[in-house]
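In this text the structure is predicted, and so the values were computed from the model without any measurement.
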Amino acid sequence: MKLKKMLALLLALMMALALVACGDTADTGNDAPDDQQVEDNSGDTGDAASPEGQSLLEILKDRFVAAPEMAGTYWTFIGGYVQGVQMTEEQTQEVMSQLGDVYQFIFVDDSTVVLAEDEDQTEGTYTMGEDGMTAVIEVGGVKYAGTFIEQEDGYVLVAMLDGTGMNGLYFHLMDDAPEK
């Protein structure tokens, strides 16, 4: 059921992006504030906005870092990249409102992860790559390839939904556990 919910959200976002693209070709969908999107410091372009249709793997290639200690950490959703386009702040807020303002990865121990959506929690597993820079996360039948970058305000988990880097979700490492 959760897979259907996530796919429905992604399809809704893709439709919204298609409508925006048809209506105004000058708008690239990159008007979210820096704390809601992954900053593009790759040096590939002259401006800070990521070009439409470029893979996250290419955009972030020089920014990947080793993962922090994962066990006991909480990561909250801050945005995403859908079909090569950065989600706007409004799109991020729409996703969060549909999920009851809770969408988090909770890394319980060295192999167990929980995906919290609203009041629902789905348990899954994760493994860290030998390089210490990647994670494979499986929750509710969905497999994510996780990589990590570090920004001024802390670590960001980039959970890619496929090997192309054209679709991914961003999760920020939280300093404290959320209140229940």
Side-chain angles (χ1 to χ4, degrees), residues 2-3 6 9-10 30 32-45 48-51 53-87 92 95-96 99 102-117 120-180:
K2 289 184 185 290
L3 178 60
M6 181 55 122
L9 286 172
L10 285 175
N30 291 318
D34 287 342
D35 66 342
Q36 291 292 13
Q37 68 183 11
V38 175
E39 299 166 7
D40 179 10
N41 295 327
S42 63
D44 294 342
T45 64
S50 59
Q54 190 174 1
S55 170
L56 282 172
L57 296 170
E58 183 63 27
I59 293 169
L60 301 174
K61 68 181 177 188
D62 297 328
R63 299 198 44 219
F64 295 124
V65 297
E69 176 61 39
M70 298 300 288
T73 61
Y74 291 76
W75 300 73
T76 194
F77 176 73
I78 59 169
Y81 198 69
V82 180
Q83 290 188 333
V85 178
Q86 186 75 36
M87 287 174 61
T92 300
V95 169
M96 289 302 289
L99 296 170
V102 175
Y103 193 51
Q104 295 181 319
F105 277 122
I106 303 166
F107 292 85
V108 179
D109 55 33
D110 288 334
S111 63
T112 306
V113 63
V114 171
L115 180 60
E117 301 174 59
D120 298 328
Q121 293 192 353
T122 305
E123 190 171 304
T125 61
Y126 77 99
T127 56
M128 295 301 299
E130 290 182 21
D131 61 3
M133 297 177 73
T134 58
V136 175
I137 305 164
E138 286 190 67
V139 179
V142 179
K143 185 184 267 188
Y144 302 91
T147 59
F148 302 86
I149 63 170
E150 193 169 5
Q151 297 193 148
E152 289 180 17
D153 59 347
Y155 285 97
V156 174
L157 164 62
V158 181
M160 288 179 263
L161 300 169
D162 57 38
T164 67
M166 300 301 281
N167 297 292
L169 304 173
Y170 311 137
F171 294 84
H172 190 267
L173 176 61
M174 302 303 293
D175 291 331
D176 298 315
E179 295 180 18
K180 293 209 174 196

Task: side-chain contact (heavy atoms from CB on, under 4.5 Å) involving Ala135 - partner list, sequence neighbours excluded - done: Met128, Ile137, Phe148
Task: Those residues that, when tested against Thr125, pass side-chain contact (heavy atoms from CB on, under 4.5 Å) (two or more places apart) - done: Glu138
TODO: Taking the six-membered ring for Trp and the full ring for Phe, Tyr or His, determine whether the centres of Phe107 and Tyr126 are under 6.0 Å apart.
DONE: yes
Task: Contact summary for Leu57 and Phe64, nearest pair of heavy atoms - done: O-CE1, 4.2 Å
Rounded distance (nearest 0.5 Å) linking atom [atom1] of [X] with atom [atom2] of [Y]:
X      : Y      : atom1 : atom2 : result
Glu117 : Met96  : CD    : CE    : 10.5 Å
Tyr170 : Ile149 : OH    : CD1   : 8.0 Å
Leu115 : Ile106 : CG    : CD1   : 8.5 Å

Could you check whether any side-chain heavy atom of [X] comes within less than 4.5 Å of a side-chain heavy atom of [Y], counting everything from C-beta outward?
X      : Y      : result
Val139 : Glu123 : no
Val82  : Met87  : yes
Phe77  : Gln104 : no
Met166 : Leu56  : no
Thr92  : Ile78  : no
His172 : Tyr74  : no
Tyr144 : Leu169 : yes

TODO: List the steps and the verdict of side-chain hydrogen bond (donor to acceptor under 3.5 Å, both in side chains) for Tyr81 and Gln54.
DONE: CA-CA 10 Å; Tyr81 198 69; Gln54 190 174 1; 6.0 Å; no
Open item on the list: Could you work out, with side-chain hydrogen bond (donor to acceptor under 3.5 Å, both in side chains) as the rule, every residue matching Asp110, not counting sequence neighbours?
Closed with: none
- [ ] Apply side-chain hydrogen bond (donor to acceptor under 3.5 Å, both in side chains) to Thr73 and list each qualifying residue two or more places apart in sequence or on a separate chain.
- [x] Trp75
Open item on the list: Restricting to ring pair (Phe, Tyr, Trp, His ring centres under 6.0 Å), what partner residues turn up for Tyr155, sequence neighbours left out?
Closed with: none
Open item on the list: Closer than 3.5 angstrom, by distance alone: can the side chain of Asn167 be matched with the main-chain N or O of Gln83 as a donor-acceptor pair?
Closed with: yes
Open item on the list: Has Ser55 got a side-chain atom pairing as donor or acceptor with Thr164's backbone, closer than 3.5 angstrom?
Closed with: yes
Task: Pairs touching residues 127-136 that satisfy side-chain hydrogen bond (donor to acceptor under 3.5 Å, both in side chains), sequence neighbours left out - done: Asp131-Thr134
Task: Parallel, tilted or perpendicular: rings of Phe171 and Tyr103 (30°, 60°) - done: tilted
TODO: Walk me through it: do Val108 and Val113 pass the test side-chain contact (heavy atoms from CB on, under 4.5 Å)?
DONE: CA-CA 6 Å; Val108 179; Val113 63; over 6 Å; no
Task: Worked verdict on Leu173 versus Leu157 for side-chain contact (heavy atoms from CB on, under 4.5 Å) - done: CA-CA 8 Å; Leu173 176 61; Leu157 164 62; over 6 Å; no
